Amino acid sequence: MDAKRVARAVERWARENLEKLPWRGERSLYRLLVAEILLKRTTRKAASLVYMQFIEKYPTLEDLCKASVEEVEQLLRPIGLYNQRARQLVQICEHRHVLEKATTWRELARLPGVGEYTAKAIGAILFGERVIGIDGNVKRLLVRVFGRYDDKIADALAMEAEDTRLLQLGLVDLGYRICAPRRPKCNKCPLAETCLYTRQH
DNA sequence: GTCCAGTTTT
DNA sequence: AAAACTGGAC
């Protein structure tokens, strides 16, 4: 298995090609967590606008914790799932101490609304942990490249990471923008040489 | 396995 | 008109 080769290629690609998004480059755990919750089952475009409004209104965790659920719901209404998301954000305030001290993805995973994907993605992006969050886009990419997906593949990739942030964001961006569900842009993909799917088509 | 929910893409 | 959208809770 070419985990090392794939990791290198993804990181190299990510260095030049990551899409600029409002939460990219964000060093605040609070802000990254807000972004992840807004992005669940939601496109980047829709999430971007609401994210910027959200951060302007609640720049810090303290600001959010002073807000009411209704107020937060109102802001989230345009992108849907507002009931659920607003409740989760307010619950995170109740677990404020966890967020303030967390240094590993396992601690984050205890927060309401934070599952394995979100916790591992932040672990890779912010904490530099050797983990990779696997969302639908990354899974599709890995199935195409390796012909299958299981936990061992994700672990192997994480172990080969030189820069866990670049690897995580690179995988997500490649999966979303290049390795699209239909008509993937294999001619623009840095993994085309080793990709099983590309070679079979 | 089902539900959440408005927006975007096909 | 569907199907999908950086999932997670129940």
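Sequence lines set the chain letters: A, B, ... in the order given, protein chains first and strands last, and positions in each chain run from 1. Computed from a prediction, not measured in an experiment: that's the story for all the values here.
Considering all non-hydrogen atoms of both residues, A:Ala121 and A:Gln168 come closest at CA-OE1, 3.7 Å.
For A:Lys185, the NZ atom counts as loosely surrounded, since its 6.0 Å shell holds 12 or fewer non-hydrogen atoms of other residues, nucleotides or ligands. No more than 12 heavy atoms of other residues, nucleotides or ligands shown are found within 6.0 angstrom of CD on A:Glu193. More than 12 heavy atoms of other residues, nucleotides or ligands shown are found within 6.0 angstrom of CD on A:Glu100. Heavy atoms of other residues, nucleotides or ligands lying less than 6.0 angstrom from CZ of A:Arg96 number more than 12. Atom CD of A:Glu26 has more than 12 neighbouring heavy atoms from other residues, nucleotides or ligands inside a 6.0 Å radius. Annotation: A:Arg24, atom CZ; neighbour count of heavy atoms from other residues, nucleotides and ligands within 6.0 Å is above 12.
With ring centers used as reference points, A:Trp105 lies 6.0 Å or more from A:Phe127.
Between the CD1 atom of A:Ile79 and the P atom of C:dC5 there is a distance of 16 Å, given to the nearest Å. Counting to the nearest Å, the C1' atom of C:dC10 and the CG atom of A:Asn83 are 14 Å from each other. Atoms CG (A:Leu81) and P (C:dA4) sit 16 Å apart, rounded to a whole Å. Atom CD in A:Gln91 sits about 13 Å away from atom C1' in C:dC10, given to the nearest Å. Remark: P of C:dC5 and CG of A:Asn137 are 6 Å apart, rounded to the nearest angstrom. Following rounding to the nearest Å, A:Arg87 (CZ) and C:dC10 (P) show an atom-to-atom distance of 7 Å. Atom CD in A:Glu73 sits about 13 Å away from atom C1' in B:dC4, given to the nearest Å. One can place CZ of A:Arg177 at 15 Å from P of B:dT9, the figure rounded to the nearest angstrom.
Between the P atoms of B:dT2 and C:dA3, the separation comes to 15 Å (whole Å). One P atom belongs to C:dG8, the other to B:dT7, and the distance between them is 23 Å to the nearest Å. One C1' atom belongs to B:dA5, the other to C:dA2, and the distance between them is 16 Å to the nearest Å.
For A:Gln88, whose side chain is taken as the heavy atoms from C-beta onward, the closest listed nucleotide among C:dA9, C:dC5, B:dC4 is C:dA9.
Within residues 36-49 of chain A, the residues having any heavy atom closer than 4.0 Å to DNA chain C are, in order of number, A:Glu36, A:Leu39, A:Lys40, A:Arg41, A:Thr42, A:Thr43, A:Arg44. A heavy atom lying under 4.0 Å from DNA chain C marks the following residues of residues 22-32 of chain A, by number: A:Trp23, A:Arg24.
Ion pairing between A:Asp173 and A:Arg44 holds under the 4.0 Å rule for side-chain N and carboxylate O.
If you check every strand for non-hydrogen atoms under 4.0 Å, A:Gly136 touches sugar and phosphate atoms only. Among the protein residues, A:Val114 comes within range of the sugar-phosphate backbone only, with heavy atoms under 4.0 Å from sugar or phosphate atoms but none that close to a base.
Scanning DNA chain C for stems, defined as runs of 3 or more consecutive Watson-Crick or G-U wobble pairs whose donor-acceptor distances all fall under 3.5 Å, gives the following ranges: B:1-4 with C:7-10, B:6-10 with C:1-5.
Mapping A:Ala109 and A:Ala121 onto DNA chain C by nearest heavy atom places A:Ala121 closer to the 5' end of the strand.
A:Glu162 places no side-chain N or O within 3.5 Å of a backbone atom of A:Arg8 that could act as its donor or acceptor partner.
No continuous path of ILVMFWY side-chain contacts below 4.5 Å connects A:Leu64 to A:Leu81, so the two sit in separate hydrophobic clusters. A continuous path of hydrophobic side-chain contacts links A:Phe54 to A:Leu21 [ILVMFWY only; heavy atoms under 4.5 Å].
At B:dG6, one or more side-chain N or O atoms of A:Tyr82 fall inside 4.0 Å of OP1 or OP2 (strictly under the cut-off).
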